[in-house]
Structures are given as structure tokens and as C-alpha cells.
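The model shown is predicted, which means the values in this text are computed figures rather than measured ones. In what follows, every heavy atom counts, from backbone to side chain, and hydrogens, waters and symmetry copies are set aside.
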Amino acid sequence: MRLSESIGKNIYSVSPGAILNKFKGAPRRNTLFFEDIIANYVKACEEAGHASEIQKIGQEWLSAMTKEMMIQPLRRMPPPLFINLIWERVWKNLGMVTYIHVKEEGNLTKLSTGEEVITRLIGENHLATGSYMGVFNALYGFHFDCKSADQSKESCEYVFERKDEKFEIKSKTKREYLRLNRPGIGGGNTLKSSLDSRTFLLKEKNRIYFRGKSITPMENTILHIIGNYSILMERIPELSYNFFKDIVEPDTTPENKLRLIKTLLNAMGYGVINIIVEDDRLLFRIKNPPYGMQIGEDNWDFLIYAIQGYLWLINEGFVIEGVRAPTKNSNVLEASFTR
């Protein structure tokens with residue numbers, strides 16, 4: 001099923017600032033992100049010697065999500081059957097791969113993919129291997145090692161070995177995750193309205209594009225985990241600025257640049273955005289931001305640093321003045337920027 005059909009049939013329910021995925025279970029919050037920014041962040045971290053941490057991030061992310069979000073009937077399926085029949089359908093529908101297939105040979109699990117997200121832009125990376133390890137950890141309940149990874153932008157072949165050691169991971173409960181991620185009430189555009197207005201374009205292989213650049217489903221837990229690992233966070237504004245400066249016309253007025261980032265974040269599921277302008281200060285008030293499944297603190301630093309890089313299109317002097325996380329009494333994330 002195409003993504004457009006999923007939205008039309010309300011499998012993906014969209015509202016201002018939120019995207020709910022109702023496929024096979026309770027509605028859970030999805031977000032989208034600019035694939036180039038996350039891919040080049042992964043590349044920068046690996047080039048700086050942080051490949052093992054990037055692999056752990058991927059593993060923590062998808063082991064937690066797979067463990068908590070699978071419904072009971074799917075848990076009873078043999079893992080290869082689940083991946084080949086269910087998981088492939090979901091990931092193809094979201095434009096994250098063109099195909100995915102698993103087969104078992106003893107304690108070895110062999111995985112083949114086509115044009116997988118992130119890898120299709122930067123080639124070899126450990127985020128992919130860690131993510132698949134996390135899925136297998138949760139499905140089998142054992143630790144896995146990656147014995148080999150033959151990765152190219154077009155296709156990948158992996159061999160994972162199941163160990164005798166039981167695997168466990170702590171995370172939020174499904175109930176808590178869904179409670180925190182309930183969409184609020186507010187105005188503004190949605191993913192559907194942005195597709196209808198052609199701000200976003202849905203093209204071949206079910207991929208969403210903004211001005212020629214792909215926007216990929218990136219369930220928000222991974223960004224919280226990256227924030228908590230805090231690796232090379234200072235590079236994110238630069239990566240964000242370099243991404244946007246090539247697709248936002250330099251003569252666009254500051255007002256229209258702010259209007260654009262508000263439109264994008266609303267449609268991509270990051271909450272209902274309100275931007276308050278006070279002389280040389282900008283305050284982003286994000287109502288009902290997306291929370292993560294991870295057991296650690298919720299951490300929106302990746303998003304905030306990416307916003308800072310975008311603001312450099314207006315003035316390269318913008319710095320982060322302060323961040324106020326949501327509280328029990330106010331589910332609003334605030335980030336202020338000054339120049």
C-alpha cells in the first residue's frame with residue numbers, strides 16, 4: 001500500500017503537529033526528518049571514530065521499539081516470517097527500503113535489503129547494523145553479533161550470529177510512551193495538507209521530498225538517544241545550515257523563512273509550533289513535542305541544534321540561549337535563540 005493510500009484510509013492519521021501510525025496495533029507517534037542531515041551526522045560521527053557508539057544507538061533504538069510496540073499475535077510469528085511478511089511491507093510503505101528479506105541457517109540470520117534509508121546516501125555505516133541487531137535482539141530474546149556487512153548504496157547483505165546470552169533492555173512501557181505522545185489540540189498545517197499543497201512531494205518508491213531532498217520516517221526515539229549520547233552535537237547546526245542553504249532562496253525574507261520552518265516542523269510531526277519574535281531573540285514554543293521510548297531522559301537537543309542551523313539562514317550569529325523542557329503541568333518545549 002502506498003503512503004498516500006495509508007493517509008487516505010486513516011492508517012496514518014495526521015493532525016497539526018502529529019502523525020499517528022495505526023498499522024497493526026495501538027496508534028503510535030511517528031515523525032519525519034531530513035535524511036541528509038541525519039545521514040551526514042552519522043557519517044561525521046563514524047569518521048571521528050564513534051562507529052561503536054553509533055551502532056549502540058541503533059541497537060538501543062529498535063530493540064526498545066520492537067520489544068514494546070509489537071502486538072501479541074505478531075510476537076507468536078517466527079521472526080523470519082514476521083520480517084518477510086509484515087516488516088518488509090511496513091518499511092516499503094514508508095519508503096525506507098525497496099525490499100528486505102531474512103533467512104535462517106542454524107544460528108546465523110542472513111538479511112538482504114535494497115536502497116535502505118541512510119545507507120542509500122552515505123554507504124557503509126554502523127547505524128544500520130545496530131538497528132537490525134536491535135530488531136533481532138527483541139524478536140529472538142538473545143544477543144546477536146554482526147559477522148559481516150556488505151553495504152552499498154544500492155543493496156546490502158548482512159550475516160548476524162545468535163549468541164546463547166539472553167537479551168534484555170529497559171525502556172518506557174508502551175502505555176507510558178503512548179500517553180506522552182498523545183497529540184494535542186492546535187491549528188496549523190499537517191502532513192496531508194503539505195502533500196496537497198505540494199510543499200512535500202510523494203514520488204517513486206514511496207519517498208517524500210522537499211525541494212528535491214528526501215524526508216524519511218525517523219521515529220523520534222533515535223533522536224532522544226542521540227541527544228543523550230551527546231556525540232559531536234556541535235556539528236549539527238553546521239550540517240543543518242549546509243543542507244538548508246542550498247534549497248532556501250537567499251533573498252527569502254526573514255518572516256517567510258520563519259514561516260517555512262514552522263510549516264515544516266508542524267507537518268513532520270514535531271508538535272504545534274509557535275514562534276515569538278522579540279527584537280534579536282526568537283522563542284520557539286512547541287506544544288506536545290514527540291517523546292521517546294528510551295529509559296533515559298527525553299532529549300530534544302538534536303532538533304534544537306537543527307533549528308539553530310536553519311536560523312543561520314537569517315543571521316549566522318544565532319545561538320541557543322536556553323531550553324525549557326515540558327513539565328507535568330505544561331507539555332510545551334521552549335527553545336530561545338539570540339544573536
Under 3.5 Å donor-acceptor pairs involving side-chain atoms of residues 53-60, not counting sequence neighbours:
from	atom 1	to	atom 2	distance (Å)
Glu53	OE2	His50	ND1	3.2
Gln55	OE1	Thr129	OG1	3.0
Gln59	NE2	Asn137	OD1	2.6
Glu60	OE2	Tyr229	OH	2.6

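Residues Leu265 and Tyr241 share a single hydrophobic cluster, defined by chaining ILVMFWY side chains whose heavy atoms lie under 4.5 Å apart. A single hydrophobic cluster is seen to contain both Val248 and Leu264, as judged by linkage of ILVMFWY side chains at heavy-atom distances under 4.5 Å, directly or through other members. Both Leu85 and Leu94 sit in one connected hydrophobic cluster of ILVMFWY residues. Membership requires side-chain heavy atoms under 4.5 Å apart, directly or through other members. Under the 4.5 Å side-chain heavy-atom criterion for Ile, Leu, Val, Met, Phe, Trp and Tyr, Val97 and Ile86 are members of the same hydrophobic cluster. Clustering ILVMFWY residues whenever any of their side-chain heavy atoms sit less than 4.5 angstrom apart, transitively, puts Tyr209 in a cluster other than the one holding Ile247.
Atom OG in Ser131 sits 4.5 Å away from atom CG in Leu62 (nearest 0.5 Å). Interatomic distance, Asp145 CG to Glu165 CD, rounded to the nearest 0.5 Å: 9.5 Å. Atom CD1 of Ile208 sits about 6.0 Å away from atom CG of Leu202, to the nearest 0.5 Å. Rounded to the nearest 0.5 Å, atoms CZ (Arg259) and CG (Asn189) are 12.0 Å apart. Atom CG of residue Leu313 and atom CD of residue Glu249 lie 11.5 Å apart, to the nearest 0.5 angstrom. Rounded to the nearest 0.5 Å, atoms NZ (Lys103) and OG (Ser112) are 7.0 Å apart.
The main-chain N or O of Gly292 is found under 3.5 Å from a side-chain atom of Lys172 such that the two form a donor-acceptor pair. Between the Asp279 side chain and the Arg281 main chain, no donor and acceptor come within less than 3.5 Å of each other. For the pair His143 (side chain) and Phe167 (backbone), a donor-acceptor distance under 3.5 Å is absent. Judged by distance alone, with hydrogens and angles left aside, the side-chain atoms of Ser330 form no donor-acceptor pair with the main-chain N or O of Pro326 at under 3.5 Å. With hydrogens and angles ignored, the 3.5 Å screen pairs a side-chain donor or acceptor of Thr190 with a backbone N or O of Ser193. One N or O on the side chain of Asn84 and one on the backbone of Val102 form a donor-acceptor pair closer than 3.5 Å. The main-chain N or O of Glu297 is found under 3.5 Å from a side-chain atom of Gln294 such that the two form a donor-acceptor pair. Of the possible donor and acceptor atoms, one in the side chain of Glu88 sits under 3.5 Å from a partner among the backbone N and O of Ile100. Side-chain atoms of Ser194 do not come within 3.5 Å of backbone N or O of Leu191 as any donor-acceptor pair. At distances below 3.5 Å, not a single donor-acceptor pair connects side-chain atoms of Asn30 with backbone N or O atoms of Ile19.
At a threshold of 4.5 Å between non-hydrogen side-chain atoms, the residues Asn331 and Pro289 count as touching. Counting heavy atoms from C-beta on, the side chains of Phe136 and Pro79 never come closer than 4.5 Å. Side-chain contact check for Ile231 versus Ile226: every heavy-atom pair is 4.5 Å or farther apart. Using a 4.5 Å heavy-atom threshold, the side chains of Val159 and Leu108 count as touching. With a 4.5 Å cut-off on side-chain heavy atoms, Leu201 and Phe210 do not count as touching.
Nearest approach of Asn315 to Gly317, heavy atoms of both residues: OD1-N, 2.7 Å. Arg235 and Ala44 make their closest contact through NH1-CB, 3.8 Å (heavy atoms, listed as atom of the first residue, atom of the second, distance). Minimum interatomic distance between Ala325 and Leu333 (heavy atoms only, all atoms of both residues): CA-CD1, 4.1 Å. Listed here is the closest heavy atom pair of Leu32 and Tyr270: O-OH, 2.8 Å. Residue Gly296 comes nearest to Asn228 through the heavy atom pair C-ND2, 4.2 Å, listed as atom of the first residue, atom of the second, then distance. Pro250 approaches Lys257 most closely through the heavy-atom pair O-NZ, 3.6 Å.
For the side chain to side chain donor-acceptor pair (under 3.5 Å) with Glu35, the qualifying choice from Lys213, Arg120, Arg207 is Arg120, the only one to do so.
Remark: the Tyr41 side chain and the Glu46 side chain contain no N/O donor-acceptor pair separated by less than 3.5 Å. For the 3.5 Å distance criterion, the side chains of Ser197 and Thr199 qualify, holding a donor opposite an acceptor. Side chains of Asn256 and Thr253: a donor-acceptor N/O pair is present below 3.5 angstrom, by distance only. Between the side chains of Trp312 and Glu238, no donor-acceptor pair of N or O atoms lies under 3.5 Å. Residues Asn125 and Thr119 have side chains that bring a donor and an acceptor to within less than 3.5 angstrom of each other.
Taking the six-membered ring wherever Trp is involved, the centroid distance between the rings of Tyr140 and Phe144 falls below 6.0 Å. Centroid-to-centroid, the aromatic rings of Phe284 and Phe337 come within less than 6.0 Å. Checked against a 6.0 Å centroid threshold, the rings of Tyr305 and Trp300 do not count as neighbours.
Between Arg179 and Glu176 there is a salt bridge, with a side-chain nitrogen of the basic residue lying less than 4.0 Å from a carboxylate oxygen of the acidic one. Salt bridge annotation for Asp36-Lys43: absent, with no cationic side-chain nitrogen under 4.0 angstrom from a carboxylate oxygen. We find that Lys110 and Glu157 are not joined by a salt bridge, their nearest charged nitrogen and carboxylate oxygen being 4.0 Å or further apart.
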Show your working on side chain to side chain contact (heavy atoms under 4.5 Å, CB included) between Ile38 and Leu239 and close with a plain yes or no.
CA-CA 9 Å; Ile38 189 73; Leu239 295 172; over 6 Å; no
Chi angles and distances behind the side chain to side chain contact (heavy atoms under 4.5 Å, CB included) call for Phe244, Ile37:
CA-CA 10 Å; Phe244 284 111; Ile37 297 178; 4.1 Å; yes
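Contacts of Ser171 classified as side-chain contact (heavy atoms from CB on, under 4.5 Å), with partners at least two apart in sequence or in another chain: Ala64, Lys67, Glu68, Met293.
The aromatic rings of Phe160 and Tyr158 lie parallel to each other, with less than 30° between the two planes, well short of the 60° mark. Taking the six-membered ring where tryptophan is involved, the planes of Phe243 and Phe34 are tilted, since the angle between them lies from 30° to 60°.
Under the 6.0 Å distance and 45° angle rule, Lys163 does not count as a cation-pi partner of Phe142.
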